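Within every chain, numbering begins at 1; the chains are lettered A, B, ... in the order of the sequence lines, protein sequences first and strands thereafter. Just so it is clear, the structure is predicted and the values come from calculations on it, not from any experiment.
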Amino acid sequence: MINKKAYSKPTIIRHSVGVQNKFGRPPATVPINRLDGFKVSELAEKHGSPLFVLSVKALRDRYRDMNRAFTTRYPNFQIAYSYKTNYLKSVCNILKQEGAWSEVVSGFEYDIARNIDVPGNQIIFNGPYKTHEELIRAFEEGAIVNLDNYDEMQVVEEIADELDKVLEVGIRINMDLNDPPWHKFGFNVEAGHAFEAVKRAQSGGKLKVVGLHIHTGTYVDDVTVYSRAAQGLVNFYAYIQEQLNIKLKYWDLGGGYASHNTLHGAYMPAEQTCPTFDQYAEAICPILLNGPFQAQDAPKLFIEPGRALIDEPFSLITSVVSQKRLPSGQRGVLLDSGMNIMSSVQWYRYNFQTAQDSGAMLEDTIVYGGLCMNIDVLQASSSIPPVRRGDLLVIHHVGAYNISQSWQFIYLRPAIIAIEDGEVHVIKKAETREYVQSFENVPDSFISNK
Amino acid sequence: MELQFKSELTISESGFLFDHATGLTYTLNSTGQFIFRNIQDKQNARSILSLVMNEFEVNEDTAHKDLDDFIRQLKEFNLVGE
Ligand SMILES: Cc1ncc(COP(=O)(O)O)c(C=O)c1O
């Protein structure tokens, strides 16, 4: 028994063009032993696996960087964080601390903001479906409301009558900026609908148009799309100013800024393609500042980032459950997390990094989620070193949409922790069966009486 | 179970493997190389298992499962037949 060698699982890897790419062989993976100073293995042991981990410092840094990029280029600027991306109360609170306003798209999200004492006049209420009651509350509390369609405009005119005052509104517009264009929301500029909508709102005497809102798409990593949107806003403002004597208090360029995640089908990794906040700001601000106004009258500029703020600060710790060899020869690895908590796998080609030293021998692997469903594939092809049951993997940049879109299905959803200044806080406990079933009711007559 | 290489193979000190029949190349890690050299020495799967356990700090279950997986892969790459 003396001096046996350390064991690692035997591997053989075929060198094929498939494993390489245009940039040569993929880099050997460096194990992610720690997240913000804490051992991954200890975090998983204490809080379970899978586990979402928020780096609070990373979140604050992202916010400050984005805010700096725009405030240094535009005099009157405000970030309104897109709640739908991740509306954990801790996340909303931290961003409120940093100075963010709230961008909400439903009465539920509006209530989340008010519940943490975001003042009504620091909430932007967007979205295609807002109820009469929600709109009344928003106007009474001084929120910014952007109208999506004529039905909504009519409801808001009724509310103006009820409240007996002229209500200030913004109009959501869209332009043919990308392919396919986003026509679902708001009124189209090129077709003349946007002008008609502003005119119609203004001419009823009950509403006053003070804002324009556009959201060009999501994960828009081409900054020229924003430049064209900004130029479109400037042109449209000049036109409605001249024709209808409109004076804007704000314009809102929406969200869509890319995060450092690589899209499926992307040729290059996001590290090389994701624009910086400075590049976005530079593509937008100088154009807007050429608008039809004196510098001191510049409308307030809002942007509504979601994924660009919240993707990077979150990581997921997950464990290997099993592995097998497929008939194709490819290795399959199955994890304890599935697409029910990782819905963004439909967009992103994630990197799976081991939390322990597993050697540098990467092998092309299909990564399965743990759901008992054939479609639950997290990655069809990923280069992963040898792993075995119980090994931990870390996936970075998972903060956007995964948590707010997660579904409770087959398994209970995991805990979420936040790390700041050497302290770990549980910001959402792991679900329990009791919690999941707490709203259910079984009538006595359904229960077998033995 | 007798294991046999299907064609002429050359393996380097660092675990770089060349298949003369197909021109394909492979890399093996140290455990993989150890098993490979024992196949070259005409050991059968059962004796390779005990050799692995003598050489490395590993329990039988793990060694067995990993060896099966490794041999399965050699077969899939068409390097080994029985
Ligand atoms: C109106 C509006 N603003 C902001 C966002 C946030 O988008 P993203 O997460 O791409 O920044 C969205 C999302 O689609 C949206 O619809």
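Among all heavy-atom pairs drawn from A/S8 and B/N29, the shortest one is OG-ND2, 3.6 Å. Of all non-hydrogen atoms in B/V52 and A/Y7, the two that sit nearest each other are CG1-CE1, 4.0 Å.
In the displayed structure, B/D41 atom CG is contacted under 6.0 Å by more than 12 heavy atoms of other residues, nucleotides or ligands. In A/E45, the CD atom is not crowded: 12 or fewer heavy atoms of neighbouring residues, nucleotides or ligands sit closer than 6.0 Å. B/R37 CZ: more than 12 foreign heavy atoms inside a 6.0 Å radius.
Atom-to-atom distance recorded for A/K9:NZ and B/L67:CG is 10.0 Å, nearest 0.5 angstrom. In this structure, the separation between CG on B/L79 and CZ on A/R14 is 8.0 Å, given to the nearest 0.5 Å. Separation of atoms CD (B/E55) and CG (A/N3) is listed at 11.0 Å; rounding is to 0.5 Å. For the atom pair CD1 of A/I12 and OG1 of B/T31, the computed distance is 13.0 Å after rounding to the nearest 0.5 Å.
At a threshold of 4.0 Å, the pair B/D66-A/R388 counts as salt-bridged, since one of the basic side-chain nitrogens sits closer than that to a carboxylate oxygen.
With hydrogens and angles ignored, the 3.5 Å screen pairs no side-chain donor or acceptor of B/T27 with any backbone N or O of A/I13.
Side chains of B/Q73 and A/E363 form a contact here, defined as non-hydrogen atoms less than 4.5 Å apart. By the 4.5 Å heavy-atom criterion applied to side chains, A/K4 and B/F56 are not counted as neighbours.
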